[in-house]
Novice: 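I have a structure I would like to understand better, so I am pasting it below and will then ask my questions one at a time.
The chain is numbered in sequence order, starting from 1. Computed from a predicted model, the values in this text were never measured in an experiment.
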Amino acid sequence: MLLTHLPRELRDLIYTFVCHAVRDQPHPSTCQKEDRKICERQDSLAPMARDRVWFERRPIQSPLLSLLLVNRQVHREAKDVLRGIGDSPNCVLDIMFLKDEALWPTWLSIPKLQRNLGTVYTQIRIFHVPDHLRMDNAGNLYGSEDPGPPPIVWLFYHLLASFLQNGPLVVNGDNDSGDFTVQTLVLDFLPASENGILPLASFIQYFKEVDDMSASTGSDCDWTRIALDESVLAAEYLAHFIRALLLRLLNLGPLTMKYGKILYENVGDIEIWVDGRLKWCLDIPKLFPGVVFNHGASTTHRLKDEQRFMHWKETTSVRRTNIGLNNGSVS
């Protein structure tokens with residue numbers, strides 16, 4: 001039976017089903033570097049992470065694209081369904097964290113490509129690195145001879161900034177595709193694929209140091225606790241680390257304008273889950289008014305920098321209101 005011979009109600013159900021179809025999540029054993037690319041932007045704020053995040057080489061296509069090309073009737077009906085999805089579609093992103101080495105992000109579902117996204121559910125899965133994906137001279141993610149944060153911090157920051165600049169489009173090394181906004185960013189850390197996936201001694205020690213930097217945020221993590229399920233424990237520690245990292249980005253004083261702006265200007269709020277259950281919610285509208293300028297520079301530079309900082313806060317508040325993100329009062 002031809003699609004056009006079905007009742008309109010059934011055709012609409014088919015269009016909707018196709019539109020919300022979810023791709024199969026990848027597995028490291030079947031992934032190939034030839035199908036991926038790294039972002040080589042020279043002005044990246046995370047240069048140490050550029051060769052550790054492997055983006056899809058080809059852009060994800062709308063699942064309705066083939067239907068739009070069938071004929072004029074199907075084209076018109078499918079576009080009606082797209083309009084019904086609204087201006088803030090919900091999307092699904094998969095991120096494979098290959099033990100101590102690299103991130104492999106894959107968009108699984110994009111019902112409708114828009115600059116303003118609704119909820120982006122992001123699942124983070126932890127794996128050992130298969131031999132064919134192992135990097136040469138990968139180095140230590142948790143330590144660096146250079147000043148500043150170690151590579152693991154830049155690894156996640158680079159991925160976050162790249163997707164908020166490019167959305168589901170292919171990351172381009174030469175220019176941005178334009179800012180994408182997310183109403184709610186959900187980060188769900190799933191249990192590791194097997195026990196022994198993380199070097200827990202050094203892993204936990206470094207994460208504890210990061211968490212200590214955010215001690216004022218009221219972390220309730222017991223770093224001496226021993227979980228029966230090591231795979232869940234790995235997910236919990238990674239979730240704690242990302243939470244501490246995000247809280248640092250959201251309150252870096254004057255540097256928030258440089259490193260934390262990608263969150264304040266593009267994200268409504270952030271939920272952090274472990275194995276499908278909510279652990280924390282980072283209320284960005286509530287945090288934004290508390291970001292203050294605390295700089296010890298000379299009076300001349302301080303006044304100029306403080307003026308720039310306050311101007312950024314004012315324009316960011318206006319931006320959040322204009323694009324429909326939750327907002328807080330500027331102080």
Side-chain angles (χ1 to χ4, degrees), residues 1-27 30-32 34-37 39 54-96 104-125 159-160 162-188 190 266-268 271 273 276 322-325:
M1 179 180 291
L2 295 176
L3 177 63
T4 53
H5 290 174
L6 295 173
R8 176 63 191 269
E9 293 79 7
L10 287 180
R11 295 201 301 272
D12 285 348
L13 287 176
I14 292 173
Y15 300 145
T16 302
F17 177 80
V18 171
C19 201
H20 291 277
V22 178
R23 300 162 69 193
D24 292 335
Q25 60 190 28
H27 190 276
T30 60
C31 290
Q32 299 293 331
E34 292 76 13
D35 299 327
R36 299 282 173 148
K37 63 181 294 185
C39 176
W54 292 82
F55 300 96
E56 292 181 273
R57 185 174 294 276
R58 297 192 180 105
I60 182 172
Q61 298 290 342
S62 168
L64 278 182
L65 180 60
S66 58
L67 287 176
L68 292 173
L69 301 176
V70 172
N71 59 38
R72 292 182 179 179
Q73 177 185 347
V74 174
H75 180 95
R76 182 177 61 254
E77 293 173 353
K79 289 192 72 172
D80 288 342
V81 171
L82 280 175
R83 281 192 288 269
I85 293 176
D87 295 328
S88 300
N90 299 330
C91 303
V92 179
L93 174 65
D94 175 80
I95 299 174
M96 294 190 300
W104 285 60
T106 305
W107 287 99
L108 300 183
S109 176
I110 304 173
K112 183 180 180 182
L113 185 58
Q114 296 278 358
R115 294 291 177 190
N116 300 317
L117 304 177
T119 297
V120 175
Y121 170 80
T122 305
Q123 61 179 25
I124 296 94
R125 299 178 296 140
L159 175 60
L160 176 66
S162 295
F163 274 139
L164 288 177
Q165 290 166 349
N166 297 275
L169 303 176
V170 169
V171 175
N172 191 312
D174 299 321
N175 54 69
D176 295 330
S177 305
D179 286 347
F180 281 73
T181 61
V182 177
Q183 295 291 335
T184 302
L185 177 61
V186 175
L187 303 175
D188 190 2
L190 303 183
N266 296 71
V267 181
E271 295 181 3
W273 300 8
N322 290 342
I323 61 181
L325 297 178

Novice: Between Arg36 and Pro26, which heavy-atom pair has the shortest distance, and what is it?
Specialist: NH2-CG, 4.5 Å
Novice: Just verifying a value: how many Å separate Asn71 CG and Arg76 CZ, rounded to the nearest 0.5 Å?
Specialist: 8.5 Å
Novice: Nearest 0.5 angstrom please: Cys91 SG to Phe180 CZ, how far?
Specialist: 9.5 Å
Novice: Can you name the one residue among Leu164, Leu117, Thr119, Val267 that meets side chain to side chain contact (heavy atoms under 4.5 Å, CB included) with Leu185?
Specialist: Val267
Novice: Are more than 12 heavy atoms from other residues, nucleotides or ligands located less than 6.0 Å from atom CG of Asn322?
Specialist: yes
Novice: Take Tyr121 and Thr184, measure what side-chain contact (heavy atoms from CB on, under 4.5 Å) needs, and give me the verdict at the end.
Specialist: CA-CA 8 Å; Tyr121 170 80; Thr184 302; over 6 Å; no
Novice: Considering all heavy atoms of both residues, which atom of Val182 and which atom of Gly118 are nearest to each other, and what is their separation?
Specialist: CG1-O, 3.6 Å
Novice: Which value, rounded to the nearest 0.5 Å, describes the distance between Asp80 atom CG and His75 atom NE2?
Specialist: 10.0 Å
Novice: Are any side-chain N or O atoms of Arg125 and backbone N or O atoms of Leu190, one a donor and one an acceptor, separated by less than 3.5 Å?
Specialist: no
Novice: Which heavy-atom pair separates Gly268 from Leu325 by the least distance, and what is that distance?
Specialist: N-CD2, 3.7 Å
Novice: Would you indicate whether the side-chain heavy atoms of Ile124 and Trp273 approach each other to under 4.5 Å?
Specialist: no
Novice: Tell me, with the steps shown, if Arg8 and Asp12 meet salt bridge (Lys or Arg N to Asp or Glu O under 4.0 Å).
Specialist: CA-CA 6 Å; Arg8 176 63 191 269; Asp12 285 348; 2.9 Å; yes
Novice: Measure from the side-chain N and O atoms of Arg58 to the backbone N and O of Asp35, and report whether any donor-acceptor pair falls under 3.5 Å.
Specialist: no
Novice: Just how far is it from atom CG of Leu93 to atom CG of Asp188, taken to the nearest 0.5 Å?
Specialist: 12.0 Å
Novice: So Trp104 and Trp54, would you call those rings parallel, tilted or perpendicular, with 30° and 60° as cut-offs?
Specialist: parallel
Novice: Run the side-chain contact (heavy atoms from CB on, under 4.5 Å) test on Thr106 and Gln25 for me, step by step, so that the C-alpha distance in whole Å, both residues' side-chain angles and the decisive distance to 0.1 Å come before the verdict.
Specialist: CA-CA 8 Å; Thr106 305; Gln25 60 190 28; over 6 Å; no
Novice: For the pair Asn116 (side chain) and Thr181 (backbone), establish whether a donor and an acceptor sit closer than 3.5 Å, ignoring hydrogens and angles.
Specialist: no
Novice: Of all the heavy-atom pairs spanning Met96 and Cys31, show the shortest one and how long it is.
Specialist: CE-SG, 3.6 Å
Novice: Could you grab the distance from atom CD of Gln123 to atom CG of Asp94, nearest 0.5 Å is fine?
Specialist: 4.5 Å
